[in-house]
Student: 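Once you've had a glance at the structure underneath, I'll fire off some questions.
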Amino acid sequence: MKIGILGSGAIGLLFASRLTLAGADPLCLTRSPAAADGLRAGVHLAYATPQASANATATRETVPLRATTQPADLATCDVVLICVKAYQAEAAAANLAAAWASLPADGPPLPLLLSLMNGLEAEAPFRRLLPAANVAVAVTYAGAARLGPANLRVAGLGPSLLPVLAPPADDLIAQLAALLNAAGLPTELAADSRRQQWTKAIVNAVINPLAALAGIRNGLVPAQAGFAQQAEAIIDEAIAVAAAEGLSLPAAPLCDKVRQTCQATADNECSLLTDLKAGRPTEIDWLNGAIARLARRHGLAAPVNEALWQAIKGRSGGQPES
Ligand SMILES: NC(=O)c1ccc[n+]([C@@H]2O[C@H](COP(=O)([O-])OP(=O)(O)OC[C@H]3O[C@@H](n4cnc5c(N)ncnc54)[C@H](OP(=O)(O)O)[C@@H]3O)[C@@H](O)[C@H]2O)c1
């Protein structure tokens, strides 16, 4: 099976490295020849804990990867993992669409595009700009941070949940799950993958803005004054929006998951805070922003998500990439 990686950053390189170590030979797309050369020379992985390494004896590994700067090269893949930030999705989808526009209409089918992006509706540009492609969404709890172009700190190899797809993509998804498991990335097929996507997005919509606005690591979030009320309000608004979207989500498990996640990632700085500090755009438009937008679309009120969306927008630098 040929796998492409669109977005050779933290999560893309983690998946590419593990798949390469398992013999799967994925192809990484980069935005510059220098970045492609760097990946070919080898990505350096540093495992934060023994559990973060598939082979508990290795604390560091260097993995040379296959890389290209040509989006057209990804057209020959069976599956492309979308690993850009949500605010980079529009430009990345446009690049793919332009590069693939000249492919013959009677040629082989386009690759399955499988998003690993966090949030809600981040994959929308790929659906809109590549209408002939099958676009699906996976959820991953693996965690990595990029310390340099080819330097990763691997925080953990948490589970990944792949969607159950209709034929002929069902076979591809099953093969991909088997490969990821062989690569030390525990993976399951989830019949309720939409629920999984919403659950992760809502948990992130609680933790990320509260941690970012207070400038604190995840573990300190539940100790903040007013945390319980704010978390409850974010979750209740999101649940009402999910219900309007045809998805029933109970509140109690979400509240529990927020506290568990804060505990399990206590020492982590969330990506929203890291992006704010670096003056980059953030993924807030696809977290609280998406909940507020969808609420408006359904004639619902989501004042707490709306306020957090605007508060983060007010502090973030940069614009979505074009
Ligand atoms: N990191 C995690 O632990 C983790 C876990 C679960 C889910 N996620 C989600 O996964 C997504 C990616 O996160 P990340 O942390 O991996 O971000 P990241 O480290 O910033 O990586 C994004 C990568 O996308 C590349 N890129 C951007 N636009 C592109 C384009 N048009 N064509 C080709 N490549 C492009 C960037 O290239 P440059 O190198 O040139 O900047 C960068 O390498 C986010 O939605 C995030 O929420 C991340």
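Heavy atoms only: backbone and side chains are in, while hydrogens, waters and symmetry mates are out. Both ligands and their constituent atoms are indexed starting at 1 by order of listing.
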Student: Please work out, at 4.0 Å between heavy atoms, whether the side chain, the backbone, both, or neither of A92 comes within that distance of ligand 1.
Tutor: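 Answer for A92: both.
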Student: Assess the side chains of D285 and W309: does a donor N or O sit below 3.5 Å from an acceptor N or O?
Tutor: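 Yes, because at least one side-chain N or O of D285 sits under 3.5 Å from a partner of the opposite role on W309.
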Student: Determine whether the side chains of T265 and N218 contain a donor N or O and an acceptor N or O closer than 3.5 Å.
Tutor: yes
Student: Quick check on contacts: which atoms of ligand 1 are under 4.0 angstrom from a heavy atom of T140?
Tutor: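 So the answer, numbered in order with elements, is 6 (C).
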Student: Does either side chain, that of E61 or that of H44, offer a donor lying less than 3.5 Å from an acceptor on the other one?
Tutor: no
Student: Under a 4.0 angstrom heavy-atom cut-off, which atoms of ligand 1 come close to A142?
Tutor: 3 (O), 5 (C), 6 (C)
Student: Report the part of K200 (side chain from C-beta onward, or backbone N, CA, C, O) that has a heavy atom under 4.0 Å from ligand 1; answer both or neither where that applies.
Tutor: side chain
Student: Taking non-hydrogen atoms only, is L6 closer than 4.0 angstrom to ligand 1 via side chain, backbone, both or neither?
Tutor: side chain
Student: By the rule that ILVMFWY residues connect when side-chain heavy atoms come within less than 4.5 angstrom, directly or transitively, which residues belong alongside V84?
Tutor: L6, L27, L29, L74, V80, I82, L96, W100, L103, L110, L113, M117, F126, L130, V135
Student: Looking at side-chain heavy atoms only, is the closest gap between L65 and I5 below 4.5 Å?
Tutor: no
Student: Can a salt bridge be assigned to the pair E237 and R296 using a cut-off of 4.0 Å between side-chain N and carboxylate O?
Tutor: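 Salt bridge absent between E237 and R296.
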Student: Going by the closest heavy atom to atom 2 (C) of ligand 1, which one wins out of A10, G156, A144?
Tutor: A144
Student: Any non-hydrogen atom of S271 lying under 4.0 Å from ligand 1?
Tutor: no
Student: Nearest 0.5 Å, what's the CG-CD distance between N95 and E90?
Tutor: 11.0 Å
Student: Check this for me - ligand 1, S8, N or O atoms closer than 3.5 angstrom, yes or no?
Tutor: yes
Student: Could you list the cluster mates of Y141? Members are the ILVMFWY residues connected by side-chain heavy atoms closer than 4.5 Å, either directly or through other members.
Tutor: V139, L161
Student: Can you sort out which atoms of ligand 1 are near G7, meaning under 4.0 Å from one of its heavy atoms?
Tutor: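 Counting from 1, the qualifying ligand atoms are 23 (C), 24 (O), 25 (C), 34 (N).
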Student: Considering all heavy atoms of both residues, which atom of N118 and which atom of A122 are nearest to each other, and what is their separation?
Tutor: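 Shortest heavy-atom contact: O-CB, 3.9 Å.
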Student: Taking only heavy atoms of M117, which atoms of ligand 1 are found under 4.0 Å from at least one of them?
Tutor: 45 (O)
Student: Could you check whether any side-chain N or O of R153 sits under 3.5 Å from a backbone N or O of A46, counting only pairs where one atom can act as donor and the other as acceptor?
Tutor: no
Student: I'd like to know whether ligand 1 has A35 as a neighbour, heavy-atom separation below 4.0 Å.
Tutor: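 No; A35 lies far enough from ligand 1 that no heavy-atom distance drops under 4.0 Å.
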Student: My understanding is that we take every heavy atom of each candidate and find the minimum distance to atom 40 (O) of ligand 1. Doing that for R31, R153, E90, which one comes out nearest?
Tutor: R31
Student: Answer yes or no: does an N/O atom from G9 fall short of 3.5 Å to an N/O atom of ligand 1?
Tutor: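 Among all N and O atoms of G9, at least one is under 3.5 Å from an N or O of ligand 1.
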Student: Suppose I only count heavy atoms of G143 and a 4.0 Å limit; which atoms of ligand 1 are within that range?
Tutor: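 It comes down to these atoms of ligand 1: 3 (O).
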Student: Please compare L39, T69, V84 and report which has the shortest non-hydrogen distance to atom 11 (C) of ligand 1.
Tutor: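 Comparing heavy atoms across L39, T69, V84, the nearest one to atom 11 (C) of ligand 1 lies in V84.
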Student: In ligand 1, which numbered atoms sit nearer than 4.0 Å to a non-hydrogen atom of N95?
Tutor: 31 (N)
Student: Please determine whether any non-hydrogen atom of A145 lies less than 4.0 Å from an atom of ligand 1.
Tutor: no
Student: Show me which atoms of ligand 1 lie under 4.0 Å from any heavy atom of R146.
Tutor: 19 (O), 39 (O), 41 (O), 42 (C), 43 (O)
Student: Tell me which part of L116 gets within contact of ligand 1: side chain, backbone, both or neither, using heavy atoms under 4.0 Å.
Tutor: backbone
Student: To the nearest 0.5 angstrom, please state how far the CE atom of M1 sits from the CG atom of D78.
Tutor: 5.5 Å
Student: By the definition side-chain hydrogen bond (donor to acceptor under 3.5 Å, both in side chains), identify the one residue from N208, N204, N305 that meets it with N288.
Tutor: N305
Student: Would you tell me which option among I11, I5, L13, L96 has the nearest heavy-atom contact to atom 16 (O) of ligand 1?
Tutor: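 The nearest heavy atom belongs to I11.
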Student: Side chain, backbone, both or neither: which applies to C83 and ligand 1 if a contact is any heavy-atom pair less than 4.0 Å apart?
Tutor: backbone
Student: Can you tell me how far CD of Q88 sits from SG of C83, rounded to the nearest 0.5 angstrom?
Tutor: 11.0 Å
